[in-house]
Number of protein chains: 2
Amino acid sequence: MKDAYHHGDLRQALLDAAVALIAEHGLHGLSLREAARIVGVSHAAPYRHFADKNAMLIAIAQQGFEWLADAGEAAMVGVDDPRQRLNAYGVAYVRFAVAHPVHFRVMFTEELTGDEASARAGSRSFQLLVDASSAVVGPGHDPDLSAVAAWSWPHGLANLILTRRIPPEAVDTSEKVEALARRVIAQLDGVLGPTDP
Amino acid sequence: MKDAYHHGDLRQALLDAAVALIAEHGLHGLSLREAARIVGVSHAAPYRHFADKNAMLIAIAQQGFEWLADAGEAAMVGVDDPRQRLNAYGVAYVRFAVAHPVHFRVMFTEELTGDEASARAGSRSFQLLVDASSAVVGPGHDPDLSAVAAWSWPHGLANLILTRRIPPEAVDTSEKVEALARRVIAQLDGVLGPTDP
DNA sequence: CCTCCAATGTTGTCGCCGCCAACATACGCC
DNA sequence: GGCGTATGTTGGCGGCGACAACATTGGAGG
């Protein structure tokens, strides 16, 4: 019996329970004790796997950053045109946020930005973005600046969706999300004008 | 003596203390009891002014949305070209977020989106955005879609700055923030291409 | 096969918090 | 000038994060 005393994979079970709790009650609705209760262990058991509540959130964020980088890579395979690659990354970014709203929110939670482990977790997905945007603007341009620009719109769109500033019924399937993201790209291309009138 | 028993403006004093606490310790670091302690009243006094902790956050968000709309309006006065007006709104949006990071974060906190009072508070600033973007794309286009596109990039940029994904020293003055926002606009205009290669 | 130890889980506790109820005080209207 | 209501206080309940001390287990080395 694996569940007699030792759980087997209590750490992951706690993470799953935590994600479910956040999905249902929001970030402040997460408590280590409740997660432990769901999993069926005592209220102090989580501390054998996480130093504190923040460490648990960081673990969720790390998982999320891995998935995000995976999704970004997958979205760009087979796409050759640099602009199309960058756009594909942006679309995948928004789709990831909608598919994993809890992870996305935790990844960009103020309280644990500045944490080194969390920052390192995001470096792979960030590098993907820098590479993709550099390929568009070409050498001679600040790669970080172009990356920031290419990051801003999907990050904003994702946050607007998750905070329900976009009507939920407009993004209730991944096809709708992708279509919305692509229309935003088209709008941004047309709406923003030259900086001189 | 105004401070003998009745405070005078305890509500606003509590809001100020709450903003200071969030600025220092993050959202989860806010407690009504600590805010009451700072102001010098008992731990239950806040409940005479706010039904619960969420109501206090909503009050902060409402204040923020008012300021944001004011800033957006102010940024557009005297600007005639529709594209320039829309860009000015976007720049003002980012500047507001940097100037009032706590308010901005609370305004878009997941836990209280869906709250009707909070949603209504944001309607004025949202309407400004819809009007400004509609004027750019002209009639015949979906005004909400163009607004979403115009909202995405400043919202994303603001969030990236506040979560320190942009190096803080790159945005430590309002001039730098404005310059960054305008360069992002220029990048978006140039980097995003036609959807067909 | 056995022993022992490090990893894992439990019980108990402390202080803080959100929230409520019961009580106290003070301001303003008649 | 008295009184009612708004405002503030004290006390208390249950839940939480975190730590300490103790209990159980499984596996590595003999």
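Here is how names work: the chains are called A, B, and so on, in the same order as the sequence lines, proteins then strands, and each is numbered from 1.
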Considering only [options], which nucleotide approaches the side chain of [X] most closely?
X: B:Arg37; options: C:dC17, C:dA21, D:dA18; result: C:dC17
X: B:Leu32; options: D:dC16, C:dG18, C:dA21; result: C:dG18
X: B:His49; options: D:dG17, D:dT7, C:dC17; result: D:dT7

Residues B:Gln84 and B:Asp80: side-chain donor-acceptor under 3.5 angstrom: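 Short answer, no.
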
From A:Phe104, A:Phe96, A:Tyr89, residue fulfilling ring pair (Phe, Tyr, Trp, His ring centres under 6.0 Å) relative to A:His155: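 It is A:Phe104; the other options fail the test.
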
Below the 4.0 Å mark, does [N] have OP1 or OP2 next to a side-chain nitrogen or oxygen of [X]?
X: B:Ser42; N: D:dG8; result: no
X: B:Arg11; N: D:dA6; result: no
X: B:Arg48; N: C:dT25; result: no

Donor-acceptor pair present, B:His43 side chain and D:dG11 base, under 3.5 Å: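 Yes.
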
Greater than 12 external heavy atoms within 6.0 Å of B:Glu24's CD: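 No, not enclosed.
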
B:Glu169 atom CD: more than 12 heavy-atom contacts under 6.0 Å: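 Enclosed.
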
Just how far, in rounded Å, is [atom2] of [N] from [atom1] of [X]?
X: A:Asn54; N: D:dA18; atom1: CG; atom2: C1'; result: 13 Å
X: B:Glu34; N: D:dG17; atom1: CD; atom2: P; result: 19 Å
X: B:Asp52; N: C:dC19; atom1: CG; atom2: P; result: 5 Å
X: B:Arg33; N: D:dG14; atom1: CZ; atom2: C1'; result: 12 Å
X: B:Leu27; N: C:dG18; atom1: CG; atom2: P; result: 12 Å
X: B:Met56; N: C:dC17; atom1: CE; atom2: P; result: 13 Å
X: A:Leu10; N: D:dT25; atom1: CG; atom2: P; result: 16 Å
X: A:Lys53; N: C:dC17; atom1: NZ; atom2: P; result: 14 Å

Side chains of B:Leu180 and B:Leu157 in contact at under 4.5 Å (non-hydrogen atoms):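 Heavy-atom side-chain distance check passes, below 4.5 Å.
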
DNA chain C: 5'-proximal contact among A:Ala45 and B:Tyr47 (nearest heavy atom):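 Checking each residue's closest nucleotide, the 5'-ward one belongs to A:Ala45.
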
